[in-house]
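Notes follow once the structure below has been shown.
By convention in this document, chain letters (A, B, ...) are assigned in the order of the sequence lines, proteins followed by strands, and residues within each chain are numbered from 1.
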Amino acid sequence: MTHDEVGEAIVAVLNRLVAQGDLAVEVPTSVDVDRPKSRDHGDYATNVALVLAKSAGLAPRAIADLLVAGLAGVPGMAGAEVAGPGFVNIRLDSAAQGELARTIVEAGTAYGTSSTLAGSRINVEFISANPTGPLHLGHTRWAAVGDAIARVLAAAGATVSKEFYVNDRGVQMDKFGQSVMAAAHGQAVPEDGYHGGYILDLAARIVAENPGIKELPEAEQLIAFRENAYALQLTQQQQVLELFRTSFDLWYSERTLHDSGAVERGLDILREQGHVFEDGGAVWLRTTDFDDDKDRVLIKADGEYTYFASDTAYYVDKRARGFDRAIYLLGADHHGYVNRLRAVAACAGDDMDANIEVLIGQLVKITRGGVEVKLSKRAGNIVTLDEFVDEVGVDAARYTLIRYPADSPLTLDIEEMTKRTNDNPVFYVQYAHARIASVLRNAEELGIDWRSLGLDAGLLSHERENNLLGMLAEYPRIVASAAELREPHRVARYLEEVATAYHRFYDVCRVLPRGDEEVSSEQVARLWLCGAALQVIANGLELVGVSAPERM
RNA sequence: GCGCUCGUAGCUCAAUGGAUAGAGCAACAGGUUUCUACCCUGUCGGUUGGGGGUUCGAGUCCCUCCGGGCGCACCA
């Protein structure tokens, strides 16, 4: 019996009580059903009696009593009781719960997916770093979390496109080109240029690959250095992200936005909506119509488009390409952009609560052995994504970044992340997967074909089996809530609980026969349970982009 | 100054307005002649920064104060 079925049963009973005249209240279409923290409170619990008490004009416990009586005899339920101020705790029949093992094994990789977001076309934009340097730790959090959000949304049935907006236009690119060119000539990089050691590397490589580049006329040479450096740096970012298992459906160049006329088209739409005005020779967007704290310039008095103009055009372009929701993932240092981006959507005639969504990720602080590693881009003293991955590995890096909500500040210790122990939950979860895989492998070697031997679900009645089944039953709801709240850390935290539930089960429930024993029906049932647990962990790890090893 | 955001155990962090605020680490005490001990069991640890309010019920929502981070360009 699933979570939803419990909820439906409760609604059915409430409707019956109203029809019988025992209860005078408007029955909600869905009710809150929780898994109680304490196992003493049963498999499921509902607070519906507390919620309905006021409108029904009855004491919460009186309603709860009616509900308990009505739930008696519902197939799959073993019992219900009133607790505390009016909670109703529900216990499931163990056979009904055990059937879940079969459901999961048969569903395979589809277990946990849903169609709650079916038909929704979502654009998820994240990282969007300038192609003027390596990706650093600040980008890494969104690389992991953004990718996981996209995976979770897709699991909930949405059509998702991941995009990286490449800021390849404007003065920063010129400064980048100038910095590399200066380095190639052995000159000091301009004060406001880019200073990291990678500039020297780029310069050396470009000179080696482009003989004669240093003899070009200065204006031409600057462009040559800029474009070569751009190409190399973009490729480097793409390779690093590929290594990090974060792929993008589209790398959207700011230049193409301008070249394709999308900027003019975006401006036209904003004009049509009546939020564009001129002042002091510049063209403005009246974002203050929609909660922004000041209006924003689109075209400067000198005729140049602002970066903000590109932003608005990009948003309009996303919508024109058929996305009904544009999700932006921004670092905390960009939180000032939230209101203006939402205002852009509103100025374009969209619903800023439905068509656009801006998520802010707090910054990651990194320590090594308890001592903070200072980040300074200017000094070239940054922790880059590839260095970080080199040191801790892709799995540990991704998992550790994903297991915390992105909107809370985070302090990570590099040494902790490389420990292969319990202080590193990624290994705990992966170990559970490898351990189950090992048991199933051994079963196969013993010639036990548990799938064809069939499942007697009622045999899964041990407290630890019951607990594990209960955890596995939660998975679809966890995925759905992770998608709805854009919080993939819920999946990671859940996997840790599943791993714990499995280890606790494994500790006291022998799965395989010993020595010459024949395999028992109970052991076969436990193999089904192992198969189900393996599937859930594998599915969950896939959602966060972490590998599920067969052996460790 | 204005604005956004965060503040939970010694540390790093969970908790979709629900029951006795939970994990891991750290500290201490135990467990496997057996399927992967990277495991399991137990003990210790809290005025959820302070105060007020809303609610049957507040770590969660509102107000206020304190503390940390960040942002306030015709820059990109």
* Does A:Lys175 place a side-chain N or O at less than 4.0 Å from the phosphate oxygens OP1/OP2 of B:rC75? -> no

* B:rG42 and B:rC35, which share atom name P, separated by this distance in whole Å -> 23 Å

* Taking the side chain of A:Thr306 as heavy atoms from C-beta outward, which of B:rA76, B:rC13, B:rU36 is closest to it? -> B:rA76

* To do: Quick one: do A:Asp292 and A:Arg342 satisfy salt bridge (Lys or Arg N to Asp or Glu O under 4.0 Å)? Show the steps, please.
  => CA-CA 8 Å; A:Asp292 198 5; A:Arg342 285 164 52 80; over 6 Å; no

* Asked: How far, in whole Å, is B:rC39 from B:rC25 if one measures between their P atoms?
  -> 8 Å

* Asked: Taking both distances under 3.5 Å as the test for a Watson-Crick or G-U pair, what stems of at least three pairs does RNA chain B have?
  -> B:1-7 with B:66-72, B:10-13 with B:22-25, B:27-31 with B:39-43, B:49-53 with B:61-65

* For A:Thr411, report the nucleic acid contact type (base, sugar-phosphate, nothing); a contact means any heavy atom under 4.0 Å. => sugar-phosphate

* **A:His489 NE2 - B:rC13 P separation (whole Å)** => 13 Å

* When we call it a touch if two heavy atoms are under 4.0 Å apart, what does A:Lys54 touch: a base, just sugar-phosphate, or nothing? -> sugar-phosphate

* Would you call A:Phe427 stacked on B:rC38, i.e. ring centres under 5.5 Å apart with the planes less than 30° off parallel? -> no

* To do: With P as the reference atom in both, quote the distance from B:rA73 to B:rG10 in angstrom, rounded to an integer.
  => 41 Å

* To do: Send over the distance from A:Tyr431 OH to B:rC35 P, rounded to a whole Å.
  => 10 Å

* Candidates B:rU55, B:rU36, B:rA76 - which lies nearest the side chain of A:Tyr307 -> B:rA76

* So which nucleotide from B:rU36, B:rU16, B:rC13 ends up closest to the side chain of A:Arg441? -> B:rU36

* P spacing across the pair B:rG57 / B:rU41, given as an integer number of angstrom -> 37 Å

* Nearest of B:rC70, B:rU12, B:rC40 to any side-chain atom of A:Arg504? -> B:rC40

* Verify the distance criterion only: is there a donor paired with an acceptor across the side chains of A:Arg35 and A:His3 at less than 3.5 Å? => no

* Any donor-acceptor N/O pair under 3.5 Å between B:rA76 base and A:Tyr337 side chain -> yes

* **Per A:Arg490 side chain, nearest of listed nucleotides B:rC74, B:rC40, B:rU16** => B:rU16

* To do: For the side chain of A:Arg493, starting at C-beta, report the closest nucleotide among B:rC75, B:rU36, B:rA14.
  => B:rA14

* To do: Could you give the distance separating B:rG18 and B:rA76 at their P atoms, to the nearest angstrom?
  => 46 Å

* At under 4.0 Å between heavy atoms, what does A:Ala45 touch on the DNA or RNA strands: base, sugar-phosphate, or nothing? -> base

* Charged N to carboxylate O below 4.0 Å: is that the case for A:Arg526 and A:Glu522? -> yes

* Asked: Do A:Asn47 side-chain and B:rG18 base share a donor-acceptor contact under 3.5 Å?
  -> yes

* So what does A:Leu412 touch, heavy atoms closer than 4.0 Å: a base, only the sugar-phosphate, or nothing? -> nothing

* **Atom-pair distance (CG on A:Asp395; C1' on B:rC38), nearest Å** => 14 Å

* Contact class for A:Cys509 vs. all strands (heavy atom < 4.0 Å): base, sugar-phosphate, or nothing? -> base

* May I ask you to say what A:Asp32 touches in the nucleic acid, namely base, sugar-phosphate or nothing, with a heavy-atom cut-off under 4.0 Å? => nothing

* To do: Can you tell me, in whole Å, how much space there is between the C1' of B:rA15 and that of B:rU20?
  => 14 Å

* To do: Could you check how far CD of A:Glu496 sits from P of B:rG24, rounded to whole Å?
  => 10 Å

* Do we see a donor-acceptor contact under 3.5 Å between the side chains of A:Tyr337 and A:Asp311? -> no

* Structure fact -> Nearest heavy-atom approach of A:Leu222 to A:Gly177 is CD1-C, 3.6 Å

* Asked: Taking the same atom, P, in B:rA29 and in B:rC65, what whole-Å distance lies between them?
  -> 50 Å

* To do: Could you check how far CG of A:Leu359 sits from C1' of B:rC6, rounded to whole Å?
  => 17 Å

* To do: Answer with base, sugar-phosphate or nothing: what part of the nucleic acid does A:Arg296 contact at a heavy-atom distance below 4.0 Å?
  => nothing

* Determine, for A:Asp293 against A:Arg340, whether the closest basic-nitrogen to carboxylate-oxygen distance falls under 4.0 angstrom. => no

* A:Phe87-B:rG18 aromatic stacking (under 5.5 Å, under 30°) -> no

* To do: Name the nucleic acid region contacted by A:Ala282, choosing base, sugar-phosphate or nothing; use a 4.0 angstrom heavy-atom cut-off, strictly under.
  => base

* Can you tell me the distance, in whole Å, between the NZ atom of A:Lys365 and the P atom of B:rU12? => 8 Å

* To do: On RNA chain B, check which nucleotide each of A:Val511 and A:Asn89 is closest to and give me the residue with the more 5' one.
  => A:Asn89

* Classify the nucleic acid contact of A:Gln523 as base, sugar-phosphate or nothing, counting any heavy atom under 4.0 Å across all strands shown. => nothing

* A:Gln172 and A:Tyr307 side chains, donor-acceptor separation under 3.5 Å -> no

* Structure fact -> A:Tyr506 has its side chain closest, among B:rC13, B:rC35, B:rA76, to B:rC35

* Asked: A:Ser408 side chain N/O closer than 4.0 Å to the phosphate oxygens (OP1, OP2) of B:rA14?
  -> yes

* How close or far is atom C1' of B:rG3 from atom CZ of A:Arg340, stated in whole angstroms? -> 12 Å

* Is there a side-chain contact between A:Gln178 and A:Asp192 (heavy atoms, below 4.5 Å)? -> no

* To do: Assign A:Gly280 to base, sugar-phosphate, or nothing according to its heavy-atom contacts below 4.0 angstrom with the strands shown.
  => base

* Side-chain-base donor-acceptor pair under 3.5 Å for A:Asp507 and B:rA37 -> no

* Asked: Looking across every strand, which nucleic acid part, if any, lies under 4.0 Å from A:Ser481 by heavy atom: base, sugar-phosphate, or nothing?
  -> base

* To do: Kindly point out which of B:rA19, B:rA76, B:rU36 is positioned nearest to the side chain of A:Ala83?
  => B:rA19

* Look at the side chain of A:His335 against the base of B:rG3 and say whether a donor-acceptor pair falls under 3.5 Å; ignore hydrogens and angles. => yes

* Asked: Are A:His334 and A:Tyr328 close enough that their ring centers fall under 6.0 Å?
  -> no

* Asked: Going by heavy atoms in the side chains, are A:Phe505 and A:Asn467 under 4.5 Å from each other?
  -> no

* Structure fact -> Out of B:rC40, B:rU5, B:rC13, minimum distance to the side chain of A:Tyr428 belongs to B:rC40

* To do: Using atom CG of A:Asn339 as one end and atom P of B:rC72 as the other, report the distance to the nearest whole Å.
  => 14 Å

* **Separation of the C1' atoms in B:rU34 and B:rC28, to the nearest angstrom** => 29 Å

* Asked: Between the side chains of A:Ser310 and A:His258, does any donor sit under 3.5 Å from an acceptor?
  -> yes

* Asked: Any chance the rings of A:Tyr431 and A:Tyr428 have centres within less than 6.0 Å?
  -> no

* To do: Would you classify A:Pro409 as touching base, sugar-phosphate or nothing, given that sugar-phosphate means primed atoms plus P, OP1 and OP2, and contacts are heavy atoms under 4.0 Å?
  => sugar-phosphate

* **Proximity to the side chain of A:Arg510 - top-ranked nucleotide from B:rC74, B:rU34, B:rU36** => B:rU34

